[in-house]
J.: 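Sharing a structure with you now.
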Amino acid sequence: MKKSCEEVLSRLESAGYEAYMVGGCVRDRIMGRNVHDIDITTSAHPEEVTAVFGEENIIPTGIKHGTVTVYREYEVTTYRIDGSYKDSRRPESVTFTRSLEEDLSRRDFTVNAIAMDIRGGITDPFGGREDISRRLIRCVGEPEKRFSEDALRILRAVRFASQLGFGIEESTAAAIHSMCGLLRNISHERVSEELDKLICGENCVQVLLDFSDVITAVIPEFQPSIGFEQRTPYHRYDVWEHTVRAMASAPAEDMALRRTLFFHDIGKPACATYDETGRGHFKGHDKVGAEMTGEIMKRLRWDNHTIDEAVTLISVHSEKLKTRADVKRMMSRIGDEMFFRLMEMKKCDNLGKNEFVAEENTFFDSLIADGHEIVEKDECRSLQGLAVSGRDMIAAGLSGEYIGTALDTLLEQVIYGALPNEKNALMDYIRGTFNA
Ligand code: ATP
Ligand code: MG
């Protein structure tokens with residue numbers, strides 16, 4: 001049976017230790033937000049925690065840092081003071097303490113340094129509740145010191161501001177701007193994990209505009225986008241602001257779509273040309289952007305499936321689709337599901353442009369409707385769907401590379417309605433065209 005958090009706290013207390021909920025769960029509970037996982041901090045040392053719950057109920061998740069997982073669900077960490085830091089990363093050593101206040105003082109932000117006991121009693125030595133009510137992210141202690149200990153906190157500050165819709169307190173913000181270069185020392189996995197949360201936050205637009213320097217510290221490839229004027233009637237924002245606004249118009253739960261939009265125009269500055277009227281064009285930016293995105297996402301260790309989706313969508317996102325046949329053609333290239341993703345992406349893209357451009361979204365809706373009908377009627381849109389196969393091409397006397405070329409040609413003709421998807425008609429065409 002599922003054990004409650006109260007049970008964990010009360011068993012530790014009954015054994016004579018102190019135990020509190022701490023961090024995100026307390027913060028979110030005070031704010032009335034959804035609590036997704038519960039961290040517990042305790043005066044008990046890891047072996048004492050193990051003795052209280054029994055080995056069978058313990059996973060030694062991070063024994064070195066004093067963390068065990070109890071009942072597969074609760075991360076229980078011994079009060080600790082972090083030792084000196086190496087390379088703005090992890091503490092070289094941690095020291096356990098029996099003082100809750102000492103443990104709270106090692107935590108990153110005041111809103112994350114509040115402890116709550118089983119009776120709802122609060123310990124809040126750094127004014128976390130006041131900062132919650134003022135909607136502010138503020139370092140515990142001196143920002144410069146805290147960021148030089150662990151530079152990931154710089155990105156975490158910005159991520160929390162985005163997620164919670166908070167501002168960043170002045171001296172904390174100043175230290176973020178002056179120290180964000182330290183993020184270069186942080187492991188790529190930790191960076192992408194934070195970025196994912198940041199771009200899905202309710203306040204991501206403001207945060208990404210105000211702290212673009214934090215983003216370019218981890219993804220320098222974005223530098224040219226910032227302030228890059230587009231000089232076209234479609235756009236009212238520079239490339240960076242357009243990117244951010246397009247991204248934020250995707251649903252916050254759809255992390256994959258947000259990520260794709262985050263990177264979608266990264267190739268624009270490199271592809272910009274200006275015609276004689278001074279108007280900007282960005283020919284090829286989708287292909288260039290897709291390549292850049294693939295490299296960046298690999299470097300930051302996103303998984304292959306995630307990378308493939310983003311790269312595929314970005315590589316075709318600026319192609320014009322006008323007709324039902326174009327819909328089938330795109331489906332034949334990237335698959336049905338990805339076609340619908342592309343349409344969602346293009347609608348969000350438009351929402352980050354000039355207002356009149358958004359009118360095009362009703363047209364995209366009609367293409368989506370076409371797409372659904374094509375799927376429902378299973379209209380031919382792939383080689384597998386053709387009424388002839390490679391074997392038929394061989395029977396018609398074709399060999400080698402001509403087989404593939406012939407099938408591709410037939411698919412094209414069927415998609416664009418020049419030929420019916422019927423074996424006789426297709427074979428006649430082949431015999432006529434390829435002199436087979
Ligand atoms: P989330 O809602 O994302 O889980 P959280 O505040 O719970 O937010 P976690 O990463 O789960 O964040 O960390 C739990 C707690 O541990 C934090 O609230 C904070 O008190 C502390 N903490 C985590 N990372 C750091 C860090 N890099 N430096 C200092 N304290 C940290
Ligand atoms: Mg947490």
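Counting starts at 1 for both ligands and their atoms, in listed order. Note that this is a predicted model, so its numbers are computed, not measured. Just so you know, residue 1 is the first one in the sequence shown, and it goes up from there.
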J.: Only heavy atoms of Arg153, strictly under 4.0 Å: list the atoms of ligand 1 that pass.
T.: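 Ligand 1 atoms under the 4.0 Å threshold to Arg153: 26 (C), 27 (N), 28 (N), 29 (C).
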J.: May I ask you to test the Cys180-Phe147 pair for a side-chain heavy-atom distance under 4.5 Å?
T.: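 Sidechains of Phe147 and Cys180: no contact.
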J.: Tell me if a side-chain donor or acceptor on Thr97 pairs with a main-chain N or O of Arg80 at a distance below 3.5 Å.
T.: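 No; zero donor-acceptor contacts below 3.5 Å.
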J.: At what distance, to the nearest 0.5 angstrom, does CD of Gln384 lie from CG of Leu386?
T.: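 So the gap between those two atoms works out to 9.0 Å.
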J.: Counting only N and O atoms by type, is there a donor-acceptor contact under 3.5 Å from the side chain of Asn112 to the main-chain atoms of Arg107?
T.: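 Flag not set: sc Asn112 to bb Arg107 has no pair under 3.5 Å.
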J.: Relative to the heavy atoms of Lys197, which atoms of ligand 1 are at a distance of less than 4.0 Å?
T.: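 Selected atoms, number and element: 3 (O).
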J.: Distance under 4.0 Å to a non-hydrogen atom of Gly24: what atoms of ligand 1 satisfy this?
T.: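 With Gly24 as reference, the close atoms of ligand 1 come out as 5 (P), 6 (O), 7 (O), 18 (O).
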J.: If you measure every N or O of Gln163 against every N or O of ligand 1, does any of those distances drop under 3.5 Å?
T.: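 Not met; the criterion fails.
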J.: Give the atoms of ligand 1, by number and element, whose distance to some non-hydrogen atom of Arg106 is under 4.0 Å.
T.: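 Matching atoms, with element in brackets: 29 (C), 30 (N).
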J.: Does ligand 1 have any atom that is closer than 4.0 Å to a heavy atom of His36?
T.: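 Yes, His36 has a heavy atom closer than 4.0 Å to ligand 1.
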J.: With the threshold set at under 4.0 angstrom, would you say Leu152 reaches ligand 1 through any of its heavy atoms?
T.: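 Under 4.0 Å: no for Leu152.
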J.: Please check: side-chain N/O of Arg135 versus main-chain N/O of Leu164, any donor-acceptor pairing under 3.5 Å?
T.: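 Yes.
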J.: I need the nearest protein heavy-atom contact for atom 30 (N) of ligand 1: residue, atom name and distance, please.
T.: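 The closest heavy atom on the protein side is Asp108 N, 3.1 Å.
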J.: Considering distance alone, does some N or O of Phe160 sit under 3.5 Å from an N or O of ligand 1?
T.: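 Between Phe160 and ligand 1 (N or O atoms, distance only) the closest approach is not under 3.5 Å.
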J.: I need the contact type for Asn112 against ligand 1. Using non-hydrogen atoms and a strict under-4.0 Å cut-off, is it side chain, backbone, both or neither?
T.: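 Both backbone and side chain.
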J.: Looking at Val49, is its backbone amide N or carbonyl O close enough to the side chain of Tyr17 to form a donor-acceptor pair, meaning the two atoms are under 3.5 Å apart?
T.: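 Not confirmed, Tyr17 side chain does not pair with Val49 backbone.
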J.: Arg146 to ligand 1: N or O pair under 3.5 Å?
T.: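 In fact, backbone or side chain, Arg146 has no N or O that close.
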J.: Report yes or no: does Lys346 contribute a side-chain atom to a donor-acceptor pair with the main-chain N or O of Glu319 at less than 3.5 Å?
T.: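 Yes.
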J.: Between Lys353 and His235, is there a donor-acceptor pair closer than 3.5 Å when you use the side chain of the first and the backbone of the second?
T.: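 No, the answer is negative, given that no donor and acceptor are paired below the 3.5 Å cut-off.
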J.: Which atoms of ligand 1 have any heavy atom of Asp150 under 4.0 Å away?
T.: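 The atoms of ligand 1 under 4.0 Å from a heavy atom of Asp150 are 26 (C), 27 (N).
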J.: From atom 11 (O) of ligand 1, work out which of Asp39, Thr110, Asp82 has a heavy atom at the shortest distance.
T.: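 Answer by nearest heavy atom: Asp39.
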J.: Among protein heavy atoms, which sits nearest to atom 23 (C) of ligand 1, and what does the distance come to when rounded to 0.1 Å?
T.: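 Minimum-distance protein heavy atom for atom 23 (C) of ligand 1 reads Arg156 NH2, 3.1 Å.
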J.: Within a strict 4.5 Å, meaning less than it, do heavy atoms of the Asp326 and Leu367 side chains meet?
T.: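 Sidechains of Leu367 and Asp326: no contact.
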J.: Please could you name the atoms of ligand 1 that Arg27 approaches to less than 4.0 Å, counting only its heavy atoms?
T.: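 Listed by number with element: 2 (O), 5 (P), 6 (O), 8 (O).
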J.: To which protein heavy atom is atom 15 (C) of ligand 1 closest, and what is the distance rounded to 0.1 Å?
T.: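 Going atom by atom, the protein heavy atom closest to atom 15 (C) of ligand 1 ends up being Arg107 NH1, 3.6 Å.
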J.: Between Asn354 and Phe356 (side chain of the first, backbone of the second, donor and acceptor by atom type, cut-off under 3.5 Å), is there such a pair?
T.: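 Here the side-chain-to-backbone pair does not exist.
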J.: Give a yes or no on whether the backbone of Val158 and the side-chain of Ser162 come within a donor-acceptor separation of less than 3.5 Å.
T.: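 Pair absent, no side-chain N/O of Ser162 close to backbone of Val158.
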J.: Counting heavy atoms only, which part of Arg159 comes closer than 4.0 Å to ligand 1: side chain, backbone, both or neither?
T.: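 Side chain only.
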J.: What atoms of ligand 1 come within less than 4.0 Å of a heavy atom belonging to Gly23?
T.: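 In order of number, 18 (O).
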